[in-house]
Amino acid sequence: MPTVDHRPQSPYRQMELSAHAAEGEMLSPERVREQVEKLRMQAELFEQQRQQSESQSRELEQSTLRKARFNADLNELGMKIHNAVRRIERELESMSKEQQELEHVCECFNHHLQILSTLQPQMWPPEGVSERMREALPKLDLAENDFSEAYALGHKYHHTDIMRTKPGESAPERLTWARLKEEMTKGFFYHLPLFLLILISWVIYVLITTP
């Protein structure tokens, strides 16, 4: 009576049998085409993912550069506007200070006008002229001193030239390059005869002294 081998078979042996059993199915053209198509689809999927990842990376890099450029432009413009505001504020402060000083000068002049308008020397009686003169002269001197002092400091005002020339006086002409050239030309032609005389004298001296 034959004996039956109940010993478990080796897993390698089972795999070999399974491979031989499915050899016909695995090597069939349909199976090969399915495997190739599946690999091709996987390759296309990987390529799409790679391209998408590269596109996202480029977009992120461009976005970072745009943000950095925008931030630089923002800071530069903000600094320019800040400096402009500070300059304007200083200018307005200077203008306000000069306005206050000019208002003070105007009040002072008005005060002197009121005092001087009350003197009216044409109304003085002959017998009291000396007394009236002793009282009026200090007022006149004080008004004249304040007037002269105010216009002497007129050069410190940068926003107006109203205090640089007294009423009735003409403003001094500003020295320009054109005016400087004109004055130099006038001076050259004015002294040209003297230069020619000196030159002729020097030539005659050289001719006489040369053996």
Can you tell me how far CG of N145 sits from NE2 of H112, rounded to the nearest 0.5 angstrom?
8.5 Å

Start with the C-alpha gap between H159 and S94, add the side-chain angles, then the distance that decides, and say whether side chain to side chain donor-acceptor pair (under 3.5 Å) holds.
CA-CA 9 Å; H159 304 285; S94 176; 3.0 Å; yes

Taking the side chain as every heavy atom from C-beta outward, state whether K38 and E34 have any pair of such atoms under 4.5 Å apart.
no

Less than 4.5 Å apart, any side-chain heavy atom of M95 and any of Q99?
no

Start with the C-alpha distance between S55 and E59, add both sets of side-chain angles, then the distance that settles side chain to side chain contact (heavy atoms under 4.5 Å, CB included), and finish with yes or no.
CA-CA 6 Å; S55 177; E59 290 179 358; 3.7 Å; yes

Side-chain contact test, heavy atoms from C-beta onward, threshold under 4.5 Å: evaluate it for R69 versus R66 and give yes or no.
yes

Does any non-hydrogen side-chain atom of E91 lie less than 4.5 Å from one of R87?
no

Which pair of non-hydrogen atoms, one from G154 and one from R164, has the smallest distance, and what is that distance?
O-CG, 3.6 Å

Determine, stepwise, if the pair R40 / E44 fulfils salt bridge (Lys or Arg N to Asp or Glu O under 4.0 Å).
CA-CA 6 Å; R40 185 186 66 79; E44 290 181 354; 2.3 Å; yes

Would you say S57's side chain and S53's backbone share a donor-acceptor pair under 3.5 angstrom?
no

I'd like to know whether CD of Q49 has more than 12 heavy-atom contacts from other residues, nucleotides or ligands below 6.0 angstrom.
yes

Decide yes or no on side chain to side chain contact (heavy atoms under 4.5 Å, CB included) for E107 and H111, but give the supporting numbers first.
CA-CA 6 Å; E107 292 177 359; H111 178 68; over 6 Å; no

Nearest heavy-atom contact between S117 and Q120 is O-CG, 3.4 Å

Connecting only ILVMFWY residues whose side-chain heavy atoms lie within less than 4.5 Å of each other, what is the rest of L153's hydrophobic cluster?
none

Results of side-chain contact (heavy atoms from CB on, under 4.5 Å) for K139 - residues two or more places apart only:
I115, L119

Output yes when E37 and R33 qualify as a salt bridge under the 4.0 Å nitrogen-oxygen rule, no when they do not.
no

Close side-chain approach of S96 to Q100, heavy-atom, < 4.5 Å
yes

Given 3.5 Å as the limit, does a donor-acceptor pair link the side chain of N75 with the main chain of N71, or not?
yes

Grouping I, L, V, M, F, W and Y whenever their side-chain heavy atoms are under 4.5 Å apart, do V129 and L137 come out in a common cluster?
yes

Within the structure provided, determine whether M133 and P121 are in side-chain contact (heavy-atom separation under 4.5 Å).
no

Closest non-hydrogen atom pair, K156 against E98
O-OE2, 3.8 Å

Scan side-chain atoms only and decide if Q51 and E47 contain a donor-acceptor pair under the 3.5 Å cut-off.
yes

CD-CE distance between E101 and M163, expressed to the nearest 0.5 angstrom:
10.5 Å

Atom pair CG/CG of L65 and L60 - distance to nearest 0.5 Å
9.5 Å

Check whether any side-chain heavy atom of T160 sits under 4.5 Å from a side-chain heavy atom of L102, and report yes or no.
yes

Counting only heavy atoms not in L113 (residues, nucleotides, ligands), do more than 12 fall under 6.0 Å from its CG?
yes

Can you name the ring-ring contact (aromatic ring centres under 6.0 Å, His included) partners of F147, sequence neighbours left out?
F109, Y151

Tell me, yes or no, whether the heavy-atom count around E93 atom CD, taken from other residues, nucleotides or ligands under 6.0 Å, exceeds 12.
no

